[in-house]
Amino acid sequence: MAHLPIVQFEEQIIRTVEDNSVVVVIGETGSGKSTQLSQMLHRHGYSKRGIIGVTQPRRVAAVSVARRVAQELGVKLGEEVGYAIRFEDRTSDLTRIKYLTDGVLLRESLSDPELSHYSVIILDEAHERSLNTDILLGLVKRLTKLRASNLKVLITSATLDGEKVSEFFSESPILNVPGKLYPVEVVYSRERPISYTESCLKTALDIHRKEPEGDVLIFMTGQDDIEKLVSKLENKIRGLEEGSCMDAIILPLHGSLPPEMQAGFSLFPFPFSCEVKVFSPAPPNCRRFIVATNIAETSLTVDGVVYVVDSGYVKQRQYNPSTGMYSLDVVQISKVQANQRAGRAGRTRPGKCYRLYPSLMYQDELLDVTVPEIQRTSLAGTVLYLKSLDLPDIDILKFDFLDPPSAESLEDALKQLYLIDAIDENGAITSIGRTMAELPLEPSLSRTLLEANENGCLSQALTVAAMLSAETSLLPNRSSKNNEKKRKQEPVELPTGSGYGDHIQMLQIYEQWDRNGYDIRWCRDTGLQERGMVFVKDVRKQLSQIMQKIAKGSTDVRANRRYRESEHDYRNLRKALCVGYANRLAERMIQHNGYRTIGFKPQLIQVHPSSVLKADDDGMFPNYVVYHELIATSRPYMRNLCTVEMRWVSPIFKKLENLDVSKLSGGLHRDVRNGEGKSLELTKKENVAARTPDDHESRVLAARERFLARKAQK
DNA sequence: GAGCACTGC
């Protein structure tokens, strides 16, 4: 591996590690840091007293890098070199170098808070700032003090903010390792485009007409735009004079494509890094245009790209802690992302990157780094995890994050955890909370499982939790023309939740799959996502194993069948869901089919049209539902819901009335009282007030007016 | 009657 740039720095790296407990390594793409750092430390004896652990944000990366390193060392994968990802542990007593996802390392630290098996921890790709990496940065910082004598930590990052990380670790040294990228010429647009699809189209055609051979990678924001551009590009290129240009193949690339459509999808490690390659190379005298989302920024690599077209935008999911609502917004990319995109043009030879925005905009408007995930997501799970670690010397709410989340976001998390009994009124973790933290689920689902265990419907709850873990929609999209074309024969009918909503439908679907012997063809016939369903089965198995210790009934899918057939209302399961989702309750407006959220800044929300829950014969929806997610797209919607009964709901209202966020958060609330903390106080009062009938009605009207006003604005 | 960027335990 003499050609890897990092190799010539071996002595310097080892010396620095010897003298310091934390070292930051900045290495661009192709420097070899992911495969070589672990081997160097192994060679110099660091694996004698413990394991060298290397974390990766993605599963495929952990597997392919481990495979590569095993190959380089000439050992069998799973022996000296192994990996651990969810559902798959390929390590043994012999393992000295272990690649693992950062999520797996967080799980390990639950049972071994000092991570005592490890002599070295390398946090790779820290610049991506995934939620899990950020938590690990905080935990590892603490460990470097506790285990100063026998733990070495290396943080690797591809970019700028090495100094920030170094400061975080009390001025630890920074080593710079050059990468193996070819120069990329950056071309800016003179002005920002009116329509970036048109601008992409024009730029792509210009490249095709004027530039020498080489593939083109175009970064767009989502599936819709990608499909539009692909068809426009096809038309335009077909319209070009024959013989005036080389041939062209135009390919979409985004996450919801089935793997076989991500043509030539393979896990072959790229010679210098270990990324996933897509597509077979273009035939001679033919140019490929790949129109992609940001999946092509980090997760997938397209070889042969010489030209990159960068729209400057990305779709980002963000959470609003005051409303409990997620939204998916098109936002400007950061400078780091812009450079990452440009770098995709220089992997095989010098390339060109066309930025469809002016250089001034790059300078002045683009953020230096992407907003870390920890500041864009609900923290209920994270806070519960940290509370369950019982770190004696650390106040969770002052937890040492590289970039701390807002006080409002932390308070929101506490409030949610309190409503589902994971913490008590003083903010201390309860025994329920402790058990919840052991489950690889979001807190609401963990709580549902525990309640179901008391309720005698554990096996059903396991199924629902597993189904909901498979984020991406498993259900077929009946109205889509594509699907109709594909399936000539009538699709097999799926159950519809018996009027109780999407959770119950999911349970019924999985039970039906069980009755069909988990036949993959059955998924195909019904239009269910096969891969998704297999994933659900794996998750269910894992959850069952964890619950086994405390299970009061059978975890078998069929356990409840006889019971259910005699009583069709899924009462116990819905009760359990009501307890687990106490923080996600919605109440229907008077004489109105809109709902308002309970426990957040009150807002008008609708049942998502994809829901199986339909209005009754009088055109009305049930009075109370719990929802899995609030998402603002064209309007605020509840997705995946379950009907609950009014008398199950009253304990939730009682809890909300007694809610005192300042008690939950200890000292935190005082610090922010003059700032955003106030809004929570308001929320509480409003909630109580809103339950008196008069007030409720005026609130309904006000909400309705707001809604109509927003609609008019559009 | 709408649409979903990407990860992970």
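Within every chain, numbering begins at 1; the chains are lettered A, B, ... in the order of the sequence lines, protein sequences first and strands thereafter. Both backbone and side-chain heavy atoms feed into the values below; hydrogens, waters and symmetry mates do not.
- Remark: Arg192(A) pairs with Gln332(A), Pro358(A), Met361(A), Glu365(A) by the side chain to side chain contact (heavy atoms under 4.5 Å, CB included) rule, at least two apart or across chains.
- For Arg86(A), the side chain to side chain contact (heavy atoms under 4.5 Å, CB included) partners are Arg59(A), Pro440(A), Phe535(A), Val539(A), Gln542(A), not counting sequence neighbours.
- In this structure, Ile85(A) reaches the sugar-phosphate backbone alone: every heavy-atom distance under 4.0 Å involves primed, P, OP1 or OP2 atoms, never a base.
- Contacts of Thr293(A) with the nucleic acid, taken as non-hydrogen atoms under 4.0 Å apart, involve only primed sugar atoms and P, OP1 or OP2.
- Counting non-hydrogen atoms of neighbouring residues, nucleotides and ligands closer than 6.0 angstrom, the NZ atom of Lys541(A) reaches no more than 12 such neighbours.
- Asn593(A) has its CG atom 11 Å from the P atom of dG1(B), to the nearest Å.
- Among the heavy atoms of the strands, none lies under 4.0 Å from Val314(A).
- Base contact: Arg86(A) has a heavy atom under 4.0 Å from a base atom.
- Using a 4.0 Å heavy-atom distance criterion, Ser610(A) is classed as making no nucleic acid contact.
- Phosphate proximity of dC9(B) to Arg59(A): present, with a side-chain N or O under 4.0 Å from OP1 or OP2.
- Using a 4.0 Å heavy-atom distance criterion, Glu128(A) is classed as making no nucleic acid contact.
- Remark: the backbone N or O of Lys98(A) is not paired with any side-chain donor or acceptor of Thr95(A) at under 3.5 angstrom.
- If you measure from atom CZ of Arg317(A) to atom P of dC4(B), you get 10 Å, rounded to the nearest angstrom.
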